[in-house]
Amino acid sequence: MEWLPSSSPVRLLEQPDPNYALPEPSRLLATYRAMVIGRRFDAQATTLTKQGRLAVYPSSRGQEACQVGAALSIGTDDWLFPTYRDSVSLVSRGIDPVEVLTLLRGDWHCGYDVPSTRTAPQCTPLATQTLHAVGLAHGESRKGNDTVAMALLGDGATSEGDFHEALNFAAVFRAPVVFFVQNNGYAISVPLAKQSAAPSLAHKGIGYGVRSEQVDGNDAAAVLSVLDSAVAHARAGNGPFLVEAHTYRMEPHTNADDAARYRSPEEVEHWQQRDPISLLERHLRAGGHLDDATAERIAGEAEEFAARVRTRMQEEPEVDPEDLFRHVYAEPTPQLLEQLAQLRTEQEAL
Amino acid sequence: MEWLPSSSPVRLLEQPDPNYALPEPSRLLATYRAMVIGRRFDAQATTLTKQGRLAVYPSSRGQEACQVGAALSIGTDDWLFPTYRDSVSLVSRGIDPVEVLTLLRGDWHCGYDVPSTRTAPQCTPLATQTLHAVGLAHGESRKGNDTVAMALLGDGATSEGDFHEALNFAAVFRAPVVFFVQNNGYAISVPLAKQSAAPSLAHKGIGYGVRSEQVDGNDAAAVLSVLDSAVAHARAGNGPFLVEAHTYRMEPHTNADDAARYRSPEEVEHWQQRDPISLLERHLRAGGHLDDATAERIAGEAEEFAARVRTRMQEEPEVDPEDLFRHVYAEPTPQLLEQLAQLRTEQEAL
Amino acid sequence: MAPTSMAQALNAALRDAIAEDERVMVFGEDVGRLGGVFRITDGLQASFGEDRCFDTPLAESGIAGFAVGMAMSGFRPVVEMQFDAFAFPAFEQVVSHIAKMRNRTRGAVGLPIVIRVPFAGGIGGVEHHCDSSEAYYAHTPGLKVVAPATAADAYSMLREAIDDPDPVVFLEAKKLYWSKQDIELPTTTEPIGRAAIRRPGRDATLIAYGPTVPLAVSAAEAAEEEGWDVQVVDARSLVPFDDETIAEAVRATGRCVVLQEAPGFAGVAAEIAARVQERCFHSLASPVLRVAGFDVPYPPPKLEHVHLPGVDRVLDALARLQWDDQPDTKWLDGVRNQEDAA
Amino acid sequence: MAPTSMAQALNAALRDAIAEDERVMVFGEDVGRLGGVFRITDGLQASFGEDRCFDTPLAESGIAGFAVGMAMSGFRPVVEMQFDAFAFPAFEQVVSHIAKMRNRTRGAVGLPIVIRVPFAGGIGGVEHHCDSSEAYYAHTPGLKVVAPATAADAYSMLREAIDDPDPVVFLEAKKLYWSKQDIELPTTTEPIGRAAIRRPGRDATLIAYGPTVPLAVSAAEAAEEEGWDVQVVDARSLVPFDDETIAEAVRATGRCVVLQEAPGFAGVAAEIAARVQERCFHSLASPVLRVAGFDVPYPPPKLEHVHLPGVDRVLDALARLQWDDQPDTKWLDGVRNQEDAA
Ligand SMILES: Cc1ncc(C[n+]2csc(CCOP(=O)(O)OP(=O)(O)O)c2C)c(N)n1
Ligand SMILES: Cc1ncc(C[n+]2csc(CCOP(=O)(O)OP(=O)(O)O)c2C)c(N)n1
Ligand SMILES: [Mg+2]
Ligand SMILES: [Mg+2]
């Protein structure tokens, strides 16, 4: 049946697929570059956390094909609805990395400008953002725009009721949304087998009349190709599309997590063998699209990128206590003004 | 694929089906009897509402095959989790009809004894009861019982997040639950096409690894046969099962509703042609399992049943104001005791 | 001037808002062809098309979350929750997103969403149809919460709520839908955030909102027989709250009872009582009392009359305002008024 | 006697409850192999097997609704919500079912469910990890709501909550998880429903619960310098509430400040303030004041110290208790005490 996803994840780097074309080498090279920079950024953020400069950091190491694929398969006029895990995706989308880290540094809940980046704040309450993506996509198409909204979520988040409601609203309103599930095998400590008994998470599309596909999330070419066609499907007015990418997070859930409690070194090692950057690099090199010089240049760019982040993160911007009251409402209520006055008195007493 | 439901609703009365057997004539006759009594009861309840004796009544006229099928396909040790729409199902299950009507008369929130009837209170917050069914079914199987829980819900309720969570929990825990969706085409005024874009509501099972089936909900034989196999599937430890029955409510959503605002007389007329009682009666008569005398006897029983309900509903039992405080907690809090004292003073002053 | 029910006033407000502002979108369960179970959206779809007033799938979290996205894309969603209790599935979207989005984004993304909630009881509804949920919302920073008690306020406040750049939980007392007032629409009443004195009085102040406002007026009228001249203040807006008007009113009478239908414990009346005694302590001749629903789940239709505050319960509370003590402390009044005002 | 953290005490309580009562089932997100993100369920699955402590799919409404069914089938579910804000998706199940089932069924079906909620802030968590949600639950009839502040109470009250025939929302102050107390387990403290005097004092009463209890004690100690002898009452249980102990305490001092971390408006402190002035009005030398979080969404880590009540803010409130007026009205105290007690 045409509305069934593939019975196994689409792969492209190691084998051709009848339904999906390999992206252009130049696009794959750009993807490779973004993945290398993204990984370096991710490592930098992990280091900053160890140094106490970030309150918390959820790493996406191992998921770079998805992180970058999501960012590169949509345009600047499209919208992204990311989670806490998707910092690398935001960086690949071109958002200032220090602004991305503002949330995790603890300065404010969102550090980048949502309207101009067309990127929603990184979302923590699981799956809730998928509904925002549907509403926004519907709103944009009402205005006659061909904007697509891409909603990122994890395997665990698919269990939340909001995901169900989002798929259904999107299908009923034929909203141009791509739901992109990064199935990294775990929701914190809970493995997929305790999360779902479905043939695949992509199969969840069927019950809504939402077209879906599953893809090898460590195969950057396949991720790009499948997301490209999902985005095209949505943009063309054919309604939402659900993509499940099978991937793995190499780091613990966050720096505060102890992954040894729930998974084996062998499992991690197994996935190490399918490292998305190595897979892509091997492919590019085999095709003659990447040589040592280019690889080195990109590694250098990544180092520079990280260095700039490191330097800029040295300065901790002053946070203004009065910010507490500034944006609760467009105009503060009399009650907030009273409380602000109280705070001022307290601050003056210091 | 074996986990796909039939592509069109299973029917049995008018044609054989390769996968489902026609129930025994005696069972069909018992079903017929329960449907006739159920419909008469339903009409009586509607009348009582017009007379102001019930606060509200959601009729299930037209859905008797489902109402009765649900009740007769489970045993007395099984549990039923009904909605506001399912009074006829409760009556068919053998619950005292006046106790069933207690909620709708406004005396109390549930009039029958939940533990001994193994029937949850009729549930109004949509789809919430499906989770209760899963928890209960799981609990019972933990205790080594082969109890099945049947959760009833409507087409509209399938859109709620709780339904999603219930299907998923049931699948992951392999809980013996039958989810029985009476798709009567509308959620109050909202037609199915605005509720879902899925190939069928039964297809929703796929995304959870829940086996499912769709059935003609006005074909009592098919409903029974499909529910029988769903219950057997669950009871045998194969996990949950989802059944969608395509049916129609002939009356407005409740007495307070004005169905003319959203559906045409032609549509109602069309479904009148597929009246579930007539369909079954025709079949039974054709097979020589029902003659005029039996039909009359059953009609008489139904009249008597309704008459008893009518008589018993004449007396409005006294409600005790102190009931307000009696069952909020096992023991009232000091605050409730104070409030009770206040109420007593007020009542004495009257 | 024409007798106008609150339901008609709300319908007119939606109609005028849709007509005047192309960003306004009305959606929810059964709001389209049916016009909503209370008919508040009656005729909107017929007049303005499915584009402007439409049914959604049956999922309240979905409705609220979808509204967030619509608002982010520049629209002004006005959503209907069918009954108080059926807004609970949307609680996470309301508390964690709708209330917080402006704050999270440092003001870059405001969400001008109106959540219309037919609230409170007294209509003989079976369970889950008569809850009062205002305290949940009023306790959540980032939401405005209003509860009109008259048809004129219903119209004016709904128009203002729709124009508000922030999310507004708009509580429509079910039992007042059919109560009428002689008014001319459109009309503009006091802005959101201001209370209104519904009845002057010198001896005690009743503070009410939504469904308890007419109750307060009836009780005040009945209190005349006891020789008490009772003032009635309609709070109108719970967030923001009009401390100024209310504290001044209570200081003038020195006695205060706060009314609400919701269970008393940790309800909005507790907040009002706490604020009033904080601000008016030295003017008070007796504690601020509350008359509320009991701390029980909303009862079945046959018992709602004993659960809901009625005139007698309000009179009882007024009687407990220690009238006899008054002479003892009256001499302190001048001093106290000064202290409170300081 | 051994130094025991609240986390250890909670873990021990779960362990002992599972061992002693075969109906007790612990489940939620990550409570199994991981032992919960705060490690409160650490080792339970290893000791008692997956049957007794297990992970569920990631869906809080699912967890709560599933618990309803488990309880109906005779079990005693103890569920963990990972953080306050992540219990919001379960709100409808909690309010419309868990709180009401006994009442709906005229007592036939009680739901002995414990909902453990790591609550409040002060741990430097990013958004949605530090909310305080007690008011939502305390306002909902049918729920018991408790908030221990010591390791001994954590143990004793959790055991009692699990044995309770009714649903209990068990609020665990995140910032106190690692605070230690010298105790011997098992231990039994005052029952749920009773407050405890944590510090005697004659001049003013601080009322606190959960995370504000240690704050109150610190403030009381600091107040000594100002010459104020400040009493600290730990409410412990919000529903039921110990009016007796608390009113008596306040009558004795005549001055009262209520502390909470949650935003002030319509919070539990409002209820306490309202109750206290209702019951102790004539013993009060000044209004009952509140020190609470501001009415803003919980701020980012770098600002939580200005948002959360601290010792200075409590001292400021104590200073506003109109100490100077005391002589003026002291002569009335006898009369007033009698009036309040009547
Ligand atoms: C509604 C809600 N419940 C619980 C949490 C706590 N939590 C944060 S991340 C997480 C696991 C999410 O797993 P998954 O969706 O697979 O995403 P991943 O972290 O693996 O990228 C949990 C339980 C939350 N953020 N929101
Ligand atoms: C959570 C929730 N939202 C809204 C309602 C109000 N409501 C009651 S019945 C109904 C329609 C339900 O339709 P469906 O599930 O198809 O069942 P039917 O009434 O057709 O049997 C609605 C919207 C409710 N009871 N619960
Ligand atoms: Mg995951
Ligand atoms: Mg229906």
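Throughout, a chain's letter reflects where its sequence line sits, starting with A, and its residues are numbered from 1.
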Participant: Could you list the residues that satisfy side chain to side chain donor-acceptor pair (under 3.5 Å) with S60(B), not counting sequence neighbours?
Facilitator: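 Here no residue qualifies.
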Participant: Under the salt bridge (Lys or Arg N to Asp or Glu O under 4.0 Å) rule, collect the residues that match up with D96(B), sequence neighbours excluded.
Facilitator: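 With neighbours one apart ignored, the set is R312(B).
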Participant: Identify the residue among L14(C), V78(C), V31(C) that makes a side chain to side chain contact (heavy atoms under 4.5 Å, CB included) with C53(C).
Facilitator: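 Output: one option passes, namely V31(C).
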Participant: So for P191(B), is it side chain, backbone, both, or neither that comes closer than 4.5 Å to the heavy atoms of chain C?
Facilitator: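 Answer is side chain: those atoms of P191(B) sit under 4.5 Å from chain C.
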Participant: Where do T46(B) and S59(B) come nearest, in terms of heavy atoms and distance?
Facilitator: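 Looking at all heavy atoms of both residues, the shortest contact is OG1-CB, 4.2 Å.
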Participant: Measuring from atom CD1 of I206(B) to atom OG of S212(B), what distance do you get when rounded to the nearest 0.5 angstrom?
Facilitator: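 Those atoms lie 5.5 Å apart.
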Participant: Hey, could you give me the CZ/CD1 distance between F66(C) and I113(C), rounded to the nearest 0.5 Å?
Facilitator: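 Rounded to the nearest 0.5 Å, the CZ-CD1 separation comes out at 11.5 Å.
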Participant: Please state whether the side chain, the backbone, both or neither of F86(C) comes within less than 4.5 Å of a heavy atom of chain B.
Facilitator: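 Just its side chain gets close to chain B.
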Participant: Can you pull out the donor-acceptor contacts between chain B and chain C, under 3.5 Å, including backbone atoms?
Facilitator:
unit_1  : atom_1 : unit_2  : atom_2 : d
G106(B) : O      : K302(C) : N      : 3.0
D107(B) : OD1    : K302(C) : NZ     : 2.4
H109(B) : NE2    : Y298(C) : O      : 3.4
S189(B) : N      : D30(C)  : OD1    : 2.8
S189(B) : OG     : D30(C)  : OD1    : 2.7
K194(B) : NZ     : E50(C)  : OE1    : 3.4
K194(B) : NZ     : E50(C)  : OE2    : 3.4
Q195(B) : OE1    : L58(C)  : N      : 2.6
R261(B) : NH1    : L34(C)  : O      : 3.1
R261(B) : NH1    : D42(C)  : OD1    : 2.7
Y262(B) : O      : R33(C)  : NH1    : 3.4
E316(B) : OE1    : K302(C) : NZ     : 2.6
Q339(B) : OE1    : D295(C) : N      : 2.8
Q339(B) : NE2    : D295(C) : OD2    : 2.7
E346(B) : OE1    : R313(C) : NE     : 3.3
E346(B) : OE1    : R313(C) : NH2    : 3.0
E346(B) : OE2    : R313(C) : NE     : 2.6

Participant: Side chain from CB out, backbone as N, CA, C, O: work out which of these in I188(B) comes under 4.5 Å of a heavy atom of chain C, or both, or neither.
Facilitator: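 Contact with chain C: backbone and side chain both.
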Participant: Counting heavy-atom pairs closer than 4.5 Å to chain C, which one of L324(B), L336(B), V328(B) comes out on top?
Facilitator: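 With the most close heavy-atom pairs to chain C, the winner is L324(B).
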Participant: Measure distances from V190(B) to the heavy atoms of chain C and classify the residue's part below 4.5 Å as side chain, backbone, both or neither.
Facilitator: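 When you check distances to chain C, atoms from both the backbone and side chain of V190(B) fall under 4.5 Å.
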Participant: Which value, rounded to the nearest 0.5 Å, describes the distance between L153(B) atom CG and F163(B) atom CZ?
Facilitator: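 Here the interatomic distance stands at 5.0 Å.
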Participant: Heavy-atom distances under 4.5 Å only: say whether A157(B) touches chain C with side chain, backbone, both or neither.
Facilitator: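 Backbone of A157(B) only, per the 4.5 Å heavy-atom cut-off to chain C.
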Participant: Only counting residues at least two apart or in another chain, list the ones meeting ring-ring contact (aromatic ring centres under 6.0 Å, His included) with F180(B).
Facilitator: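 Partners of F180(B) under the ring-ring contact (aromatic ring centres under 6.0 Å, His included) test: none.
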Participant: Does a side-chain heavy-atom distance below 4.5 Å link L321(C) with L318(C)?
Facilitator: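 Yes, close enough: below the 4.5 Å cut-off.
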Participant: Centroid-to-centroid, F38(C) to F83(C), below 6.0 Å?
Facilitator: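 Here the rings of F83(C) and F38(C) have centres that are less than 6.0 Å from each other.
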Participant: Of the backbone (N, CA, C, O) and the side chain (C-beta and beyond), which part of L340(B) lies under 4.5 Å from a heavy atom of chain C, both, or neither?
Facilitator: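 Neither part.
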Participant: Under 4.5 Å from any heavy atom of chain B, what part of V296(C) do you find: side chain, backbone, both or neither?
Facilitator: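 Both backbone and side chain.
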